[in-house]
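Data block below; observations after.
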Amino acid sequence: MAGAAARLAVPRYAVPRRWYELPTAALWALVAAAWHGGLIPWWWVPAIAFLAWLVVSLTALDLHHRRLPNQLTLTAFPVTLALLAFAASASHVDLLVEALLGALALTAFYALVRAANPEAIGMGDIKLAPTLGLFLGIGGPNFVLLGPLIASSLTLLLHCVRHASWRHHIPYGPGLLASTFALALPVFS
């Protein structure tokens, strides 16, 4: 169903079903195992499950089409904010301020990168930054700095295994999404 939701959200960009369903199931199984094993609290599961869905959907689209569509990047921010508000209310942990500061910091950083060199990062990455900054901000300033560093390393790895259709531009979104998920999953353990 999650894969179908991704396909319905962006029908203009065709991506094979297996690019959505299996990776989403694998990441959701990882989230469930982390919760069941006591590594993450129950109130963190909805937010991290949404992030996992977003990671798979946007990674598939960026790898296949080199696009991060507005239908997903722009709507992800209010959904994430609502899920984090739920987590804050259920946990009595004041995480919204840190999340919003992270969103502001990551967005400002990528906007500066784009201003300095427009070819370095796409507008889709900038539109995605506030959402991912919410997740990274919860981990504090180190996570906001570490996320882009890991993302750049993963993008360099993609450059090494370059696909023929990527000629000049290596997709940055998959690295940013993967690094955010890897850092955000255990943030409350």
Side-chain angles (χ1 to χ4, degrees), residues 1-84 86-87 122-136 138 147 150-151 153-166 169-189:
M1 288 175 52
R7 282 192 306 281
L8 290 173
V10 286
R12 178 176 164 194
Y13 300 104
V15 174
R17 288 178 186 248
R18 68 183 179 277
W19 284 40
Y20 289 127
E21 280 84 352
L22 294 175
T24 301
L27 288 184
W28 280 3
L30 178 65
V31 170
W35 169 68
H36 184 69
L39 298 175
I40 61 172
W42 67 268
W43 44 264
W44 187 234
V45 172
I48 203 69
F50 175 71
L51 178 60
W53 177 81
L54 199 62
V55 166
V56 171
S57 301
L58 289 174
T59 295
L61 288 163
D62 209 8
L63 289 175
H64 200 71
H65 294 285
R66 291 193 329 266
R67 295 280 183 263
L68 296 172
N70 289 343
Q71 296 93 321
L72 296 179
T73 57
L74 297 179
T75 57
F77 185 80
V79 171
T80 300
L81 199 55
L83 291 169
L84 294 180
F86 166 76
M123 284 304 297
D125 300 310
I126 293 174
K127 292 173 189 174
L128 181 60
T131 301
L132 299 183
L134 288 171
F135 284 102
L136 293 173
I138 293 169
I150 295 170
S153 300
L154 293 172
T155 304
L156 180 60
L157 181 64
L158 278 179
H159 178 72
C160 292
V161 295
R162 179 185 296 249
H163 189 272
S165 68
W166 296 342
H169 300 284
I170 308 300
Y172 183 69
L176 185 57
L177 288 154
S179 66
T180 300
F181 182 77
L183 291 168
L185 178 65
V187 77
F188 290 107
S189 60

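With rounding to the nearest 0.5 angstrom, the CG atom of L132 is 6.5 Å from the CG atom of L51. The structure places CG of L83 at 7.0 Å from CZ of F50, a figure rounded to the nearest 0.5 Å. The distance from the CG atom of L84 to the CH2 atom of W44 is 5.5 Å, given to the nearest 0.5 Å. With values rounded to the nearest 0.5 angstrom, Y20 atom OH is found 8.5 Å from W53 atom CH2. Here the CH2-CG distance, from W35 to L185, works out to 14.0 Å after rounding to the nearest 0.5 Å.
What you find for F188 and P41 is that their closest heavy atoms are CB-CD, 3.7 Å. Closest non-hydrogen pair, T155 versus P171, comes out as CG2-O, 3.9 Å. Annotation for P186 and I40: closest pair CA-CG2, 4.5 Å, computed over non-hydrogen atoms.
D62 contributes a side-chain N or O that, together with a main-chain N or O of G173, makes up a donor-acceptor pair within less than 3.5 Å. Panel note: side chain W43, backbone F86; no donor-acceptor pair is recorded below 3.5 Å. Judged purely by atom type and a 3.5 angstrom limit, S179 uses its side chain to pair as donor or acceptor with the backbone of L176.
With respect to L136, the side-chain contact (heavy atoms from CB on, under 4.5 Å) criterion is satisfied by exactly one of L183, V187, T131: L183.
Under the 4.5 Å side-chain criterion, counting only non-hydrogen atoms from C-beta, T59 is not in contact with F181. Contact check for P174 versus L154: no side-chain heavy atoms found under the 4.5 Å cut-off.
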| query | Given the rule in the side-chain contact (heavy atoms from CB on, under 4.5 Å) test, do V79 and L54 qualify, once you have shown the distances and angles that lead to the verdict? | reply | CA-CA 11 Å; V79 171; L54 199 62; over 6 Å; no
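With sequence neighbours excluded, the residues that form a side chain to side chain contact (heavy atoms under 4.5 Å, CB included) with T73 are L58, L68, N70, K127, L128.
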